[in-house]
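These values consider heavy atoms only, across backbone and side chains, with no hydrogens, waters or symmetry-generated copies. These numbers were taken from a predicted model, which means no experiment stands behind them.
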Amino acid sequence: MAEAEAQLLRAVGLIEKDTNGDALWVWCYPSVTADLRTLLLRKCCLTDENKLLHTFVFGQYKRSWFYITTVEVQDSPALKKVTHFSIVLTAKDFNPEKYAAFTRILCRIYLKHGSPVKMMESYIAVLTKGICQSEENGSFLSKDFDARKAYLAGSIKDIVSQFEMETVILYTALMLKKRIVVYHPRIEAVQEFTRTLPALVWHRQDWSILHSYVHLNEEELEALKACTGYIAGFTDSEVSSRSDLYDVYVNLADSEITVSPVVKEAMTMGKLHKEIGQLIVQSAEDPDKSDSQVIKDISLKTKEILATLASLTEVSDGNEKPTLNTEALKQKRFPPATENFLFHLAAAEQMLKI
């Protein structure tokens with residue numbers, strides 16, 4: 001397990017806000033690039049004017065995940081000139097619960113000792129042994145935090161209870177690898193909602209499409225635009241006017257979903273979508289079903305659709321990957337919206353002949 005941990009953890013860092021109100025990088029190990037430091041300062045909430053404290057935030061930038069826990073300093077003899085500090089971890093994997101638990105322990109260590117040396121000892125212990133433990137600061141064991149648990153931590157049922165049949169719009173956008181932007185003024189709401197969405201396309205188990213905390217900053221937006229399909233979370237309402245960033249816009253605060261004219265054709269809803277929507281709603285409204293059972297129900301329907309698509313493919317020209325036989329698709333005489341969806345799904349799955 002320690003070996004895996006050594007491959008997943010990238011760095012640990014410390015940002016402090018002093019009694020003068022300045023927020024600065026104080027320390028990191030082994031290193032954090034200058035542009036990533038600037039980004040993490042922006043994310044850690046200590047540079048915000050609004051004085052709102054976000055105890056834990058996470059996100060992704062250029063294929064590196066970041067996790068930040070921020071605490072207010074009260075009655076710590078070791079940190080007399082510090083009002084707040086943030087512990088930052090960067091890693092290769094998506095696992096908010098794991099890194100929240102670890103950063104909390106590092107925070108307790110720093111509050112007590114006021115020196116990064118003790119934190120570094122714990123960081124290295126996790127890096128090499130996958131565990132750090134101490135009587136007063138609590139213990140942390142990497143293998144308690146399975147990636148699959150992180151994938152299932154959000155609530156699909158909450159999403160369906162908010163958007164009901166419209167959840168199928170999100171499902172379709174994800175299946176077709178479209179760009180989804182989610183807005184809510186509260187970062188906690190954005191993160192909870194966005195982290196759950198990839199579970200709608202469980203067969204991919206791909207959380208790399210998640211960018212749960214993005215600012216309207218040029219470098220961040222450029223990095224985002226370099227991705228094909230994504231889920232991006234914003235707390236700035238101005239993002240609604242940035243139609244270059246999304247195919248589907250979710251205003252979480254007002255429970256509204258808007259489909260961009262650019263993808264209207266690919267996202268045309270028909271009988272199949274109605275079926276999928278009803279299945280999602282019925283499953284999610286069943287009080288006896290857990291979130292993971294709802295995900296399983298949706299996943300079974302997805303497998304059915306993918307099996308239909310696979311039956312319309314052929315392997316040709318020595319290509320190992322099967323491609324869609326468009327004639328076979330037309331001969332099936334599916335309703336137009338179903339045929340359209342299967343064609344665009346084949347494109348998303350790179351099953352079209354180039």
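- Using a 4.5 Å heavy-atom cutoff, the side chains of F66 and L39 are in contact.
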Between D158 and Q162, is the side chain to side chain contact (heavy atoms under 4.5 Å, CB included) condition met? List the steps. CA-CA 6 Å; D158 287 353; Q162 183 171 358; over 6 Å; no
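- Y246 approaches S260 most closely through the heavy-atom pair O-CB, 3.9 Å.
- No side-chain donor-acceptor contact under 3.5 Å links Y230 and Q60.
- Using a distance-only test at 3.5 Å, with no hydrogens or angles considered, no donor-acceptor pair links the side chain of K271 to the main chain of T338.
- Contact of the F334 side chain with the L272 side chain is not registered, since no non-hydrogen atoms from C-beta on lie closer than 4.5 Å.
- Taking K225 as the reference, D244 meet the salt bridge (Lys or Arg N to Asp or Glu O under 4.0 Å) condition, with sequence neighbours excluded.
- Linking ILVMFWY residues whenever their side-chain heavy atoms come closer than 4.5 Å, directly or via other members, places L306 and I280 in the same cluster.
- Cluster membership check: W27 does not share its hydrophobic cluster with W25, using side-chain heavy-atom separations under 4.5 Å among Ile, Leu, Val, Met, Phe, Trp and Tyr.
- In this structure a side-chain-to-backbone donor-acceptor pair under 3.5 Å is present from K264 to V259.
- Although no hydrogens or angles enter the test, the distance criterion places no donor-acceptor pair under 3.5 Å between the side chain of S283 and the main chain of L279.
- Under the ring pair (Phe, Tyr, Trp, His ring centres under 6.0 Å) rule, F145 has a single partner from Y151, F140, F94, F102, which is F140.
- Atoms CG and CD1, on L210 and I180 in that order, are 10.5 Å from each other to the nearest 0.5 Å.
- The closest side-chain heavy-atom distance from E265 to H344 is below 4.5 Å.
- Nearest heavy atom pair, residue A253 against residue P185, reads CB-CD, 4.0 Å.
- Hydrophobic clustering, with ILVMFWY side chains joined whenever heavy atoms are under 4.5 angstrom apart, groups L111 together with L106.
- Ring geometry, H273 versus F341: the interplanar angle exceeds 60°, so the pair is classed perpendicular (tilted spans 30 to 60°).
- Under the 4.5 Å side-chain criterion, counting only non-hydrogen atoms from C-beta, P198 is not in contact with L174.
- With rounding to the nearest 0.5 angstrom, the OG1 atom of T19 is 11.5 Å from the CG atom of L79.
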Kindly determine whether L41 and R37 satisfy side chain to side chain contact (heavy atoms under 4.5 Å, CB included), including the steps that lead there. CA-CA 6 Å; L41 260 177; R37 284 190 203 195; 6.0 Å; no
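- No side-chain donor from either of S241 and E238 sits under 3.5 Å from a side-chain acceptor of the other.
- Residues V160 and W202 are members of one and the same hydrophobic cluster, defined by side-chain heavy-atom contacts under 4.5 angstrom among Ile, Leu, Val, Met, Phe, Trp and Tyr.
- L40 and Y29 fall into different hydrophobic clusters, where Ile, Leu, Val, Met, Phe, Trp and Tyr residues are linked whenever their side-chain heavy atoms come under 4.5 Å apart, directly or through other members.
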Check the pair I257, V248 against side chain to side chain contact (heavy atoms under 4.5 Å, CB included), reporting the backbone distance first and the verdict last. CA-CA 7 Å; I257 298 177; V248 173; 3.7 Å; yes
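- Ion pair K301/E275 flagged as a salt bridge, since at least one NZ, NE, NH1 or NH2 atom sits closer than 4.0 Å to an Asp/Glu carboxylate oxygen.
- Contact check on R204 versus E349 returns a salt bridge, with a Lys/Arg side-chain nitrogen under 4.0 Å from an Asp/Glu carboxylate oxygen.
- Scanning both residues, E256 and F163, for their nearest heavy atoms gives N-CE2, 3.8 Å.
- With rounding to the nearest 0.5 Å, the separation of OG1 in T90 from CG in L8 is 11.5 Å.
- For K17 (side chain) and L46 (main-chain N/O), a donor-acceptor pair under 3.5 Å exists by modelled atom type.
- Judged by distance alone, the side chain of K157 and the main-chain N or O of K289 form a donor-acceptor pair under 3.5 Å.
- Side-chain contact check for V26 versus P116: every heavy-atom pair is 4.5 Å or farther apart.
- At distances below 3.5 Å, not a single donor-acceptor pair connects side-chain atoms of S64 with backbone N or O atoms of Y61.
- The side-chain hydrogen bond (donor to acceptor under 3.5 Å, both in side chains) analysis of residues 167-185, with sequence neighbours excluded, yields the pairs Y171-T302, R179-D247.
- S212 places no side-chain N or O within 3.5 Å of a backbone atom of R195 that could act as its donor or acceptor partner.
- Residues Y99 and D93 have side chains that bring a donor and an acceptor to within less than 3.5 angstrom of each other.
- Between S142 atom OG and K98 atom NZ the span is 5.0 Å, to the nearest 0.5 Å.
- H54 and K43 are not linked by any side-chain donor-acceptor pair at a separation below 3.5 angstrom, with hydrogens and angles left out of the test.
- With rounding to the nearest 0.5 Å, the separation of CD1 in I295 from CG in L300 is 12.0 Å.
- Taking 4.0 Å as the cut-off between side-chain N and carboxylate O, R42 and E219 do not count as a salt-bridged pair.
- Residues F234 and V190 have side chains not in contact (no heavy-atom distance under 4.5 Å, counting atoms from C-beta outward).
- Nearest heavy atoms, T313 versus P322: OG1-CB, 3.6 Å.
- Side-chain contact between L170 and I159 is present, with at least one heavy-atom pair separated by less than 4.5 Å.
- You'll find the side chain of L345 reaches within 4.5 Å of the side chain of L176, heavy atoms only.
- Rounding to the nearest 0.5 angstrom, the gap separating the CG atom in N325 from the CE atom in M351 is 11.0 Å.
- Considering T69, T70, I68 in turn, I68 is the only one that fulfils the side-chain contact (heavy atoms from CB on, under 4.5 Å) rule with V57.
- Relative ring orientation between Y213 and H215 is described as tilted, the plane-to-plane angle lying within the 30° to 60° band.
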Audit row: S155, T196, side chain to side chain contact (heavy atoms under 4.5 Å, CB included) steps and yes/no: CA-CA 6 Å; S155 174; T196 311; 5.5 Å; no
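- The backbone N or O of K81 sits nowhere less than 3.5 Å from a side-chain atom of D18 that would complete a donor-acceptor pair.
- For Y123, the OH atom is densely surrounded, since the number of other residues' heavy atoms within 6.0 Å is greater than 12.
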